[in-house]
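So the structure is just underneath, and the comments pick up after that.
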Protein chains: 2
Amino acid sequence: MTSDASKPAPARPVGRPRRPGLPSGSGLTSSAARSTGRAGGETVTGRVFSILEVFDHDHPALTLTEIARAAALPVSTAHRLVGELAAWGALERGADGAYRIGLRLWEVGSLAPRSVGLRERAMPFLEDLYEATRQNVQLAVRDGHEGVYVERLAHPDAVRLFSRVGGRWPLHGTGVGQVLLAFAPPVVQESVLAAPLTSFTARTITDPAVLRRTLAGIRRDGVAVCDGMIDLASLSVAAPVRGEGDAVVAAISVVVPSPSTPGGIEPRTLVPAVRAAARGISRAIGAPTPSRTPRTLRTDVPRPSS
Amino acid sequence: MTSDASKPAPARPVGRPRRPGLPSGSGLTSSAARSTGRAGGETVTGRVFSILEVFDHDHPALTLTEIARAAALPVSTAHRLVGELAAWGALERGADGAYRIGLRLWEVGSLAPRSVGLRERAMPFLEDLYEATRQNVQLAVRDGHEGVYVERLAHPDAVRLFSRVGGRWPLHGTGVGQVLLAFAPPVVQESVLAAPLTSFTARTITDPAVLRRTLAGIRRDGVAVCDGMIDLASLSVAAPVRGEGDAVVAAISVVVPSPSTPGGIEPRTLVPAVRAAARGISRAIGAPTPSRTPRTLRTDVPRPSS
DNA sequence: TCCTTTGCTTCCGGTGGACGGAAGCCAGCC
DNA sequence: GGCTGGCTTCCGTCCACCGGAAGCAAAGGA
């Protein structure tokens with residue numbers, strides 16, 4: 001429900017708080033006049049988070065000084081806070097003196113219903129899909145204007161992807177992203193359509209009107225086919241996962257070599273499998289029966305699947 | 001490196017900070033005399049962590065009042081802190097008003113090298129092991145006196161397990177745990193052997209002398225077979241995963257029906273596959289080549305362990 | 001060997017933000 | 001209507017956080 005649009009204008013508008021830039025040059029006693037006392041309006045928790053945000057996939061291990069510099073904190077302050085974080089286990093200090101994200105923090109994060117909770121129930125279906133295609137299978141949810149990848153099964157020989165578990169991508173360029181956007185609250189859609197659409201390849205949709213039509217098509221078909229929009233060599237087929245109240249809570253996709261490349265795969269053949277897996281997950285997480293289908297599916301039957 | 005034993009007695013002795021119990025009754029102005037001001041010696045970060053610790057697998061969603069009660073904080077204080085946590089994304093508030101662990105926290109936790117970093121590289125080997133056995137495959141690391149499960153692949157028809165991703169178990173009762181313990185620093189081993197060994201089934205090892213012999217056997221064979229120590233119906237075969245400097249950083253296991261049950265599996269047949277997978281992972285994460293050493297086991301070598 | 005640099009840790013006085021009681025508010029229920 | 005339980009806001013008090021400065025240790029360079 002973070003930055004969701006059930007309320008018109010929640011406190012946190014949509015994105016995540018940006019990382020504070022480094023202080024202008026190293027000019028001490030410059031603009032921020034307040035010489036002593038803490039910098040204006042910053043809470044302790046805010047500083048703690050700014051420390052955690054310093055870590056990312058390209059910087060998994062940092063020394064105290066690096067943390068202090070990147071989080072724009074005095075070294076002594078960073079020292080104290082980092083010490084408290086490490087004492088609890090949110091950070092761990094390696095033999096080299098560098099700090100890393102700690103196991104304890106991962107443990108708590110694993111309780112997030114929208115990540116691991118979802119993942120656990122989706123896993124059997126993802127496995128099946130993976131077995132059937134032997135390519136890349138992905139599970140993602142939406143957070144603000146971005147898709148967050150919750151799980152990824154990648155065959156070593158499959159097309160190489162840019163996504164990572166825990167990584168983010170803009171919604172308009174990926175298969176799962178387009179699905180999540182197509183079923184997002186109108187406010188979110190308009191907001192994305194209003195902002196400039198960054199281009200990754202020559203095939204990325206950058207025209208809002210085209211994107212709008214694409215989204216309508218996805219809503220109609222219940223599936224998205226996204227060819228070469230992030231990487232010209234790969235194509236993804238994505239479908240929505242629905243939860244309680246029939247709301248779209250996640251999306252799955254299969255990523256295969258684009259048919260325009262040697263060894264490419266025709267997307268048409270993948271659509272049924274992806275859609276079936278998405279429906280399976282939806283049922284597993286408590287979605288109501290998929291409309292008035294001819295089949296009288298009974299959601300509560302403990303169908304052994306196998 | 002949390003609570004690791006390179007230093008004899010770090011600040012945090014070994015376990016995780018215990019959850020503070022509820023205040024004695026509801027007696028106000030009772031024992032804790034300090035009527036105003038914050039409770040003795042508690043830091044802001046400490047309170048934030050105490051809030052996060054309130055969540056566990058059995059309590060994934062809590063209301064403000066429940067959080068305040070469980071964390072032993074005044075409601076107004078909890079309200080402020082929870083608000084800051086939710087603003088950042090560490091918590092999310094559902095439509096029902098309850099708070100849950102947020103996606104953002106999971107995202108940061110995913111950067112922990114000992115969890116997701118390890119998992120990513122181990123996954124292909126775990127997949128293969130899963131395919132070969134169609135049972136349960138697990139990956140775990142040690143934190144203090146407990147094993148933490150980092151990944152688990154479970155076939156729907158396989159033996160039901162009590163472990164969960166992100167869950168903890170004492171080291172002496174599980175296959176991966178015994179492996180992790182066998183190769184843990186001597187201080188940790190002695191500490192575990194000195195403490196009472198809780199029993200889960202009639203087969204759980206509770207005698208320190210027996211455990212000591214078992215660990216020696218595991219070091220000798222490079223594999224642990226653990227039959228019915230948590231659940232009489234299941235048996236696990238585990239092997240160590242080594243990292244840089246040849247230190248044991250994780251363990252993997254396959255859990256199958258115990259041979260003493262109908263449909264049970266003879267562990268002997270699984271050993272080669274588990275060992276091979278463990279070696280594969282070790283290689284993938286940068287362990288030195290296994291070499292042909294007739295294992296002159298040196299658990300206590302000062303080697304800086306990197 | 002001495003000096004410099006870089007980074008980490010400890011210390012301590014001042015103060016501004018955290019604290020939490022109290023009051024207000026809103027549903028749901030008897 | 002009155003009541004209960006839970007959530008939110010407000011504001012005066014005060015103490016824990018803050019961060020400059022000094023001390024330490026290790027790594028390089030002359």
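To find a chain, count down the sequence lines: A is the first, B the second, and so on, and within it residues start at 1. Given the structure is predicted, the values throughout are model-derived calculations rather than measurements.
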Nucleotide dG6(D), atom P - distance to OH of Tyr99(B) in whole Å: 15 Å

Between dC25(C) (C1') and His79(B) (NE2): distance, integer Å: 12 Å

Rounded distance in Å - CG (Asp96(A)) to P (dA26(D)): 16 Å

Nearest-Å distance for atom pair CG/P, residues Leu73(B) and dA18(C): 15 Å

Value in whole Å for how far the P atom of dC26(C) lies from CG of Leu64(B): 18 Å

Ser76(B) side-chain proximity, nearest of dA22(C), dT9(C), dC18(D): dA22(C)

Length of the line joining Arg47(A):CZ and dG17(C):C1', which is rounded to integer Å: 10 Å

Out of dA22(C), dC19(C), dG19(D), whichever nucleotide has its closest atom nearest the side chain of Leu81(B): dC19(C)

Distance (rounded to the nearest 0.5 Å) between Arg142(B) CZ and Arg114(B) CZ: 7.5 Å

Euclidean distance, Met123(B) CE relative to Glu151(A) CD, rounded to 0.5 Å: 5.5 Å

Residue Val75(B), side-chain heavy atoms: nucleotide from dT9(C), dG20(D), dT8(D) that is nearest: dT8(D)

Arg104(A)/Asp143(B) ion pair, N-O < 4.0 Å: no

Distance in Å, Leu139(B) CG paired with Arg119(B) CZ, rounded so as to fall on 0.5 Å steps: 9.5 Å

Rounded distance (Å) that lies between atom C1' of dG20(C) and atom CD of Glu42(B): 15 Å

OP1 or OP2 of dT9(C) under 4.0 Å from side-chain N/O of Arg80(A): no

Phosphate OP1/OP2 of dG19(D): any Thr77(A) side-chain N/O under 4.0 Å: yes

